[in-house]
Amino acid sequence: MSWQMPSTVDEALRLKADNPGATVIAGGTFLGILSGQGLLDNDEWISLQNISELKTLGTEGDLSVGAMVTHRRLELTPVVREDWPGLAQAFGVVASPRIRNVATIGGVLADADYASDPPSMLVASRAVAEVASVRGMRRVPIEDLIAGHYETTLADDELITRVVVPRPRGKGVYRKFRTRSREDRPTVAVAAAREDDRVRVVVGAVSDRPQHYADICAAWKPGDEDSAREIGAAYAEAIRCIGDGRGSAAYRRRVVGVEVRRVLMQVGP
Amino acid sequence: MTDARITADIRYSVDHKVPGMWHLRLVRAGIPAGTVTAIDATAVDDEVAVITPEDVLPHGKYGCQIADQHVLASEPKYLGDPVVAVVAATEKAARQAAAAIDVRYETSPAVFDELEAVQPSAPLVHAAHVTSNSDSAYFEMRPQDGTNVCHHFRIRTPGLRGRHEPNLLIDLPSPGDDRLADAFADADVVFEETFRTPAASHVPMEPHATVAEWVDGRLEVTTGTQTPFNLRQDLAVLFGLPAESVRVVAAPMGGSFGAKTFMRTEAIAAVAAKAVGRPVRCVLDRDEVFGEVTRHASTVRMRIGARRDGKFVAKQMLAYLNTGGYADCGPGVAQKMGYAGVGPYRFDHVAVDSYCAYTNLPPAGAFRGYGAMQSAWACERLVDMLADELRIDPVELRRMNLLRDGDAFCTGEIMRDTHFEELLDDVAKAVAWQDGRKGKGIAIMLKGMQTPSRAEAAIRSLPDGRFEVHSGTADMGQGSVEALTRIVADLLDVHPDRITVPCPDTDLVPYDTRTTSSRSTHMMSRALAEAARELRNGGTVGRGRIVNEGGLDPDTGEGIASSHWHQGAASAHVEIDDETGVIDVKTLYASSYAGTVVNRPAAELQNEGSMIMALGSSLFEEISYQDGQLVNPNLSDYNIASALDCASIQHRLMESPGAEVHGLGETAVPPVPPALGNAVASLGYRPRELPMSPERVLASRVDGRPAAR
C-alpha cells in the first residue's frame with residue numbers, strides 16, 4: 001500500500017496527475033466507512049493532511065475556505081458565526097463533535113453524499129469551489145460540482161482546493177430535519193439564503209443532489225405565509241424524492257412542503 | 001478504587017492475543033434457505049486451512065435449548081449463516097481466503113415473518129425439534145412438530161384448564177368459537193389490539209472476540225461471554241469431552257446486553273484451533289455483530305376484559321416470537337414474554353399462548369429486557385386504550401388492579417415485597433400528572449429473574465493478607481468486579497484494596513448459572529455472604545451456595561416464575577410536531593425498585609443505560625431486512641441514541657430499608673416504550689408498532705377522533 005503525504009498543493013496535484021487512480025483522503029470520515037465496509041479497496045492513497053495552505057480560512061471580503069478546513073472551525077469561528085450564520089449552522093449540526101473535528105469542507109463536497117448537511121446551504125449561498133490540477137485552476141459553482149449520487153464533475157487529476165462563499169445579502173437559515181438520533185444525517189435538509197427581497201431555497205438529502213428552483217422561488221412574497229406554503233407545495237411537487245431508512249419517498253415529499261414553508265417564514269419578512 | 005476502564009488497564013476479550021495464533025474468518029451463506037451444493041476453494045493458498053460443513057458433521061448439533069445448529073451449516077437457515085471457515089496466519093490472509101471461496105447453493109423456500117411462519121402452509125425451517133441436553137434447557141420444551149414452533153408456552157389459570165384447545169392459534173378466536181370465551185363472561189368491556197416490535201441490535205461497543213487453544217488435549221477458550229459454565233458444557237458435549245477438559249475464561253466485555261450469551265463463535269474457533277494445531281482467534285466485524293444474534297421481533301395480540309367500574313376480569317394473549325434460523329434461548333424468551341405480558345395486575349382468568357417460531361432470519365436470543373419489553377409494550381398500551389374506553393384515569397385504572405402483597409400472580413405464586421403502587425405514584429408525580437394529562441404517559445411492569453438458578457462463590461484468604469473472590473459473574477461493563485469487591489469488603493469489613501476479583505475462569509471459580517436476567521447482584525451477593533461467614537469461622541477458604549428453586553409448568557404456567565420480581569415504572573411527557581410526526585421528548589422518567597442498593601453510581605448507570613437503550617427502541621432502533629438480507633448492519637444506517645437524545649432522562653432507584661438486593665440491569669427497559677407510546681396516544685395518535693418513527697406516528701393519527709382526553 002502507498003500512502004503519500006504531500007506538503008504543498010503543487011506536490012499533491014503532481015501526485016494526482018501521475019496517479020489518477022489514487023484515492024485522495026481529507027478527514028477520512030467518509031472514506032473510513034467505505035473501506036471499513038469493504039466498498040472501497042485501494043492500495044494507493046494521497047492524504048492532504050500535511051498541506052497547511054489548504055487549512056487557511058479568509059474572512060476579509062468573501063469567505064475563503066481552504067479545502068482542509070474542518071466543519072468544527074466553520075461552526076465555531078466567531079466571524080463566520082457572525083457574518084455567515086446559516087453556514088456556521090449547517091456545519092454545526094453535522095453528526096457529532098468527534099466527526100466535525102476532522103471532517104472537512106473539501107471532503108464533504110468531493111464525496112457528494114446525498115445525505116450531507118453542508119451542500120444545500122453552500123448552494124443556497126452561491127458558493128463556488130476552486131478546482132485545481134496540473135493543467136490549471138477553474139471555478140465551479142457547487143450546484144455544478146455535485147452531479148449525482150456520490151458523483152462530482154471533478155476530473156481524475158483534479159482536487160478541490162478552496163471554497164469561496166460570498167458575503168450574505170440577507171438572512172440565511174439551515175433547517176436539518178431528522179427522524180432518528182440527533183446525530184443522524186438529515187432526512188430532509190432545507191437551506192434558504194435571502195438576497196434582498198428574493199430568496200434561494202435549496203433542498204438536500206431527498207434526492208441525488210441539492211435541488212434549487214429559481215422559478216418557484218421567484219414567486220416569493222417575504223413574510224407571507226400563503227406564499228411560503230405555495231412554494232413549499234411547489235418544491236414538494238417538483239422534486240422526485242427517494243426513500244431510505246430515514247423516511248419513505250412519500251413522507252419526504254410531505255416534509256419538504258412543511259420545511260420549505262418553515263424556512264421561508266424564518267428568513268422573511 | 002481506580003477504575004481499570006479509565007486507566008486502560010482492563011484487557012477486554014478483544015485485547016486477548018497469544019503468540020503464534022492464527023486468524024479465523026467465516027464465509028457466510030448468500031441465501032436465506034437451501035443447501036450448499038459445492039464449495040470451491042481452489043483459489044485459496046495452500047497454507048490456509050479451509051473447514052467445511054462436512055468436517056464438522058461428527059460434532060453433531062448443539063443449541064442451548066433446542067439442538068438445532070451445526071458448527072457450520074450445510075443447509076443454511078439464514079442469509080449470513082456461516083458455511084465455511086478459513087484459518088490463516090494473518091488476518092489479511094484469512095480475509096482474502098474467505099473472499100476467494102466460491103460456494104454454490106440450491107435454494108429452497110424461505111419464510112421471514114413470524115405470523116407467516118406459524119401458518120400451516122409455511123416452509124419448515126427445521127424438519128424436527130430436538131430438545132437440547134444442555135443445562136440451559138431448564139424447563140420442558142413444547143415443540144409443535146410439523147410446524148415452525150419450537151416452543152409453545154401456555155398459561156391457563158385454574159378455571160381455564162383441561163379444555164380441548166387447538167395447539168396453535170394464528171389469531172385471537174372470535175367469541176363464537178373461543179373455548180375460553182367464558183373467561184370474559186363477567187366483563188362489560190372487551191378490548192383487543194395487535195402490537196409489533198422489530199428486531200434490534202445490542203450494539204456492544206466491543207465485537208464478539210474469542211481465542212481458542214488446545215493444550216495437552218484440553219480445550220481452553222478465552223472469550224467475551226455472560227455464560228461461561230453453559231459454554232463449557234456445550235463445548236464439552238460437542239467435542240465428546242468431560243466438562244473438566246474444557247476451560248472457559250470469560251474476559252471482561254466491552255458491552256454485551258445479551259449479545260454474548262451461550263455459544264457464539266467459540267465452537268468454530270475450537271474446531272479451527274484443532275485443525276491447525278495452534279491458537280485461533282476470531283473477532284467479528286461490526287456487520288457480523290448485527291447478524292450474530294438479535295432481539296426477537298414479535299407480534300403480540302392481546303385481549304383484555306374489564307367491568308364498567310374498571311376492575312380487570314380476564315386477559316388473553318398470543319405472542320409470536322421471531323427466533324430466526326436457530327432457537328438459541330428463544331423458548332426461554334417466549335416464556336418470559338408470556339408472563340410479563342400479563343403485567344402486575346390481578347385477573348380472574350388469564351390465558352397466554354407464547355409461540356417461539358423459526359424463520360429464515362438471523363437468530364434472536366437474549367436481549368436486555370428478555371421479552372418483557374415486547375409484551376409490556378402491548379400490555380401497557382392496551383391498558384391505556386381500555387382507560388380511554390372506560391373514561392377512567394389511566395393511573396387510577398392501574399391502581400385499582402395492581403398486584404399487592406398476598407395477591408396471587410397468574411402463575412399461582414403469591415406476591416410479596418410488592419412496590420407497584422409506590423412506583424406508579426412516583427412516575428405520575430414526575431410528569432405532574434395531577435396538572436393535566438396532555439402529552440403524558442405512564443407504564444408499569446414486572447419482570448422475572450432466571451428461575452431456577454444456582455450461584456456459588458468462594459473467598460480465599462491470600463498469604464499477603466488480601467482476599468481473592470472466586471465468582472462466575474462476568475463483567476460485561478456493568479461493573480460486576482466493583483460490585484463484588486464492595487460486597488466482599490463490606491462482608492469482611494476490610495478495605496476494598498484488599499479484595500481481588502479475577503475474571504471468571506471455569507478452572508478456578510465454582511459454578512454459577514450465568515450472568516443474565518439481572519440476577520447476579522441478587523444471587524451472588526448472598527452466596528458471598530455465606531462464603532464470608534464460613535471464612536470467618538476459620539480456615540483459608542469460605543464457600544457459599546445459593547439456589548433459587550422454581551420454574552413454570554409449560555402447559556399451565558403454574559409454578560414459581562421468579563424468586564424475586566423486578567418492578568419498574570416509567571413516565572413520559574412529549575410534544576409532537578403534528579405536521580411531521582416528530583416526537584420531542586420533554587421528560588422521560590423511570591423508577592425502579594432496588595431494595596437495597598449495593599453501589600449507587602453503578603446502579604444509577606444501569607437505570608440510565610436501560611432508559612437510553614429503551615429510548616432508542618422506542619423512537620428509532622430497528623433492524624431492517626429485505627428478502628432476508630439485513631440491510632442496515634452499520635451505525636450510520638442503524639442509529640442508537642446519542643448523548644444529545646438523552647437530555648430528558650431522569651430516574652430514581654426506589655429503596656426500602658433492610659430489603660434484599662434487587663437486580664437492576666434491565667428494570668428500566670420495558671416500561672419506557674409504552675410510557676412514551678401512551679404519551680403519544682394522549683395527543684391523538686394510536687401507536688401499535690415500534691419504533692415510533694415520525695412516519696409511523698403520523699400514520700397512527702386517530703382520524704375524526706382527536707385526542708380522547
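Convention: sequence-line order gives letters A, B, ...; per-chain numbering from 1. Model, not experiment: these values are computed from the prediction.
- Residue-level contacts of residues 259-269 of chain A with chain B, in order of numbering, are R261(A), R262(A); threshold 4.5 Å between heavy atoms.
- Each of L87(A), L74(A), V80(A) was compared with V65(A) under the side chain to side chain contact (heavy atoms under 4.5 Å, CB included) criterion, and only L74(A) meets it.
- Contact annotation: the side chain of R100(A) never approaches that of F91(A) to less than 4.5 Å [non-hydrogen atoms, C-beta and beyond].
- P687(B) places a side-chain heavy atom less than 4.5 Å from the side chain of W377(B).
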Quick one, Q211(A) with R209(A), criterion side-chain contact (heavy atoms from CB on, under 4.5 Å). Give me CA distance, side-chain angles, the key distance, then yes/no. CA-CA 6 Å; Q211(A) 302 288 324; R209(A) 49 193 297 273; 4.0 Å; yes
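- Counted within 6.0 Å of CG on D41(A), heavy atoms from surrounding residues, nucleotides or ligands total 12 or fewer; the atom is thus considered open.
- Judged by distance alone, with hydrogens and angles left aside, the side-chain atoms of R196(B) form no donor-acceptor pair with the main-chain N or O of L690(B) at under 3.5 Å.
- Rounding to the nearest 0.5 Å places CG of D584(B) at 9.5 Å from CG of D577(B).
- Contacts between S248(A) and chain B at a heavy-atom distance below 4.5 Å involve backbone atoms as well as side-chain atoms.
- Interface summary for chain A: among S693(B), S624(B), A641(B), S636(B), the most heavy-atom pairs under 4.5 angstrom belong to S636(B).
- Your options are L635(B), L698(B), I583(B), L619(B), and the one with the most heavy-atom pairs under 4.5 Å with chain A is L698(B).
- Between R295(B) and E621(B) there is no salt bridge, since no side-chain nitrogen of the basic residue lies less than 4.0 Å from a carboxylate oxygen of the acidic one.
- A salt bridge does not link E695(B) to R254(A): none of the charged nitrogens lies less than 4.0 Å from a carboxylate oxygen.
- Using a 4.5 Å cut-off between heavy atoms, N632(B) makes no contact with chain A at all.
- Among residue pairs with one or both ends in residues 226-238 of chain A, those qualifying as side-chain hydrogen bond (donor to acceptor under 3.5 Å, both in side chains) are D226(A)-R229(A); sequence neighbours excluded.
- In this structure, the side chains of T70(A) and V102(A) stay at 4.5 Å or more apart for every pair of heavy atoms.
- Looking at heavy atoms from C-beta onward, L615(B) lies in side-chain contact with L676(B) at the 4.5 angstrom threshold.
- Chain B is approached within less than 4.5 Å, heavy atom to heavy atom, by no residue from residues 103-121 of chain A.
- Two residues are said to be in side-chain contact when any heavy atoms from C-beta on lie closer than 4.5 Å; E143(A) and H212(A) fail this criterion.
- Among residues 178-193 of chain A, the residues having any heavy atom closer than 4.5 Å to a heavy atom of chain B are, in sequence order, R178(A), T179(A), R180(A), S181(A), R182(A), E183(A), D184(A), R185(A).
- In this model, no donor atom of one side chain and acceptor atom of the other lie less than 3.5 Å apart for Y625(B) and D113(B).
- Within the 4.5 Å cutoff, side-chain heavy atoms of Y685(B) are placed close to those of D578(B).
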